[in-house]
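Written below as structure tokens is the structure these notes are about.
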Amino acid sequence: MLHPQHIPNTLLKHPLLDQMKVEMEVMRLDQVHPTASGNKFFKLKYNLDEALKQKHNQVLTFGGAYSNHIYATASAAKIVGLKSIGIIRGELLDDQNPTLGHAKAVGMILQGIPRELYREKTKPEFLDQLRQEFGEFYFIPEGGTNALAIQGTCEILSSSQSNFSHLATSLATGGTFAGLASSLCQHQMLLGISALKGEDIQEEMANLLKIHGIQSKGSLAVLTQYHQGGYAKWTSELIDFIHWFWESFRIPLDPIYTGKMAFACWDLLQKNYFKPGSRVLLIHTGGLQGNLGFTQRTGIKVPNPLA
Ligand SMILES: *Cc1c(COP(=O)(O)O)cnc(C)c1O
């Protein structure tokens, strides 16, 4: 079993918040676990339980070379006593890559595959081929979203968050958004800030909720205008914001997910989106392990308390 640590909330103090009569807090899922942190903790929890229940001795999953999912899966599998295999997008596995370095150090077997082949990753024939190569495994999809992942993300909110009017999360495959949506109260609104470019994500989220039989009691919004150029793309405005957020509140953000989410919330605050009296909970979904690799590959410094 994966055991969560205490998840603190950090209250943001700023003159603009006072002026707008809006309260903002950050829910620090980045602190839920030292190595299997953020939303990935919740997404992995029941999947690993199931793998053990089905008497598997290993899990296999897919991800990019800097993926939070790969990092967390490698860590969590090791903790519960499962072996892990990571199929990584792109042929060349760089020795200096800190994400893969960690994964390897905790025992994950890594295999890089060409991008064309990577696209086949959900095809049964391809998974069969991998079974021939590696032996039987419990399969966890890229990004980790499936029914058991959503069962886990349903546990992020508890009754102590019911007095917030708005909750905000970063959104990619939507497993986190779906779990939060299912545990919303009637008076609450969930904002999903897409880390990816594209309007299709609106429809994809509607489908995901339908497939998993989730009817939210609250209201839902997917915001598609804060991707900053697309997945893993950034603007200098975003990087400046991440530095400003760290200077102002001593909360580190990552440029791929949580930076875009917090940027969106602050932009909405400035644009009078939140009515006076609103209480906004920014859900920090983690991802800080990626900051080291981000700086390595771009040369751009971001606050990195883990370094
Ligand atoms: C994976 C990840 C997300 C996206 O979660 P989904 O459930 O795929 O939408 C958001 N934030 C961080 C930090 C992540 O690592």
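Excluded from the calculations below are hydrogen atoms, water molecules and symmetry mates; all remaining heavy atoms, backbone and side chain alike, are included. Fair warning: this is a prediction, and the values are worked out from it, not measured in the lab.
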From [atom1] ([X]) to [atom2] ([Y]), nearest 0.5 Å:
{"X": "I85", "Y": "I87", "atom1": "CD1", "atom2": "CD1", "answer": "7.0 Å"}
{"X": "L60", "Y": "L82", "atom1": "CG", "atom2": "CG", "answer": "12.5 Å"}
{"X": "E199", "Y": "K197", "atom1": "CD", "atom2": "NZ", "answer": "10.5 Å"}
{"X": "M189", "Y": "H166", "atom1": "CE", "atom2": "NE2", "answer": "6.0 Å"}
{"X": "I113", "Y": "L130", "atom1": "CD1", "atom2": "CG", "answer": "7.0 Å"}

| Between V59 and L2, is there a shared hydrophobic cluster once you connect ILVMFWY residues whose side-chain heavy atoms come closer than 4.5 Å? |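 In one cluster: yes.
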| query | Do the side chains of L184 and L191 join up, straight or via other hydrophobic residues, at under 4.5 Å, putting them in one cluster? | reply |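 No, no single cluster joins them.
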Donor-acceptor list for residues 151-162 side chains, cut-off 3.5 Å, not counting sequence neighbours:
residue: T153; atom: OG1; partner: I150; partner atom: O; Å: 3.2
residue: T153; atom: OG1; partner: G175; partner atom: O; Å: 2.8
residue: E155; atom: OE1; partner: K45; partner atom: NZ; Å: 2.4
residue: E155; atom: OE1; partner: Y46; partner atom: OH; Å: 3.4
residue: E155; atom: OE2; partner: Y46; partner atom: OH; Å: 2.3
residue: S158; atom: OG; partner: S160; partner atom: OG; Å: 3.0
residue: S158; atom: OG; partner: Q161; partner atom: OE1; Å: 3.3
residue: Q161; atom: OE1; partner: S158; partner atom: N; Å: 2.7
residue: S162; atom: OG; partner: S159; partner atom: O; Å: 2.7

Taking only residues two or more places apart in sequence, or in another chain, which ones meet [X] in a side-chain contact (heavy atoms from CB on, under 4.5 Å)?
{"X": "Q96", "answer": "D94, Q296"}
{"X": "P114", "answer": "E91, E116, L117"}
{"X": "D30", "answer": "R28, H284, L288"}
{"X": "R297", "answer": "Y66, I256, F294"}

With [X], which residues qualify under salt bridge (Lys or Arg N to Asp or Glu O under 4.0 Å), at least two apart?
{"X": "K55", "value": "none"}
{"X": "K83", "value": "none"}
{"X": "E203", "value": "none"}

| request: Using a strict cut-off of less than 4.0 Å between a Lys/Arg side-chain nitrogen and an Asp/Glu carboxylate oxygen, indicate whether D267 and K271 qualify as a salt bridge. | output: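 The answer is yes: the pair qualifies as a salt bridge.
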| request: Could you list all the ring pair (Phe, Tyr, Trp, His ring centres under 6.0 Å) pairs where at least one residue sits in residues 177-233, not counting sequence neighbours? | output: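 Every ring pair (Phe, Tyr, Trp, His ring centres under 6.0 Å) pair that includes a residue of residues 177-233, provided the two are not neighbours, is Y231-Y257.
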| said: Checking Y273 now: which residues fulfil ring pair (Phe, Tyr, Trp, His ring centres under 6.0 Å) with it, not counting sequence neighbours? | reply: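 So Y273 forms no ring pair (Phe, Tyr, Trp, His ring centres under 6.0 Å) with any residue.
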Under 3.5 Å, side-chain donor or acceptor atoms of residues 237-246 against the rest of the protein: list the pairs with distances, not counting sequence neighbours.
residue: H243; atom: NE2; partner: K301; partner atom: O; Å: 2.8
residue: W244; atom: NE1; partner: S248; partner atom: OG; Å: 3.3

Give a yes or no answer on whether the side chain of [X] reaches the backbone of [Y] with a donor-acceptor pair at less than 3.5 Å.
{"X": "T295", "Y": "I300", "value": "yes"}
{"X": "E136", "Y": "H56", "value": "no"}
{"X": "E25", "Y": "F164", "value": "no"}
{"X": "N291", "Y": "P303", "value": "yes"}

Can you confirm whether more than 12 heavy atoms, excluding those of [X], are under 6.0 Å from its [atom1] atom?
{"X": "Q215", "atom1": "CD", "value": "no"}
{"X": "Q54", "atom1": "CD", "value": "yes"}
{"X": "K121", "atom1": "NZ", "value": "yes"}

Kindly list each side-chain donor-acceptor pair under 3.5 angstrom involving residues 99-112, sequence neighbours excluded, with atom names and distances?
residue: T99; atom: OG1; partner: Q289; partner atom: OE1; Å: 2.9
residue: H102; atom: NE2; partner: S75; partner atom: OG; Å: 2.8
residue: Q111; atom: NE2; partner: E133; partner atom: OE2; Å: 3.3

| said: Is it true that K43 and T145 share a donor-acceptor pair across their side chains at a distance under 3.5 Å? | reply: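 On atom types as modelled, these side chains qualify, holding a pair under 3.5 Å.
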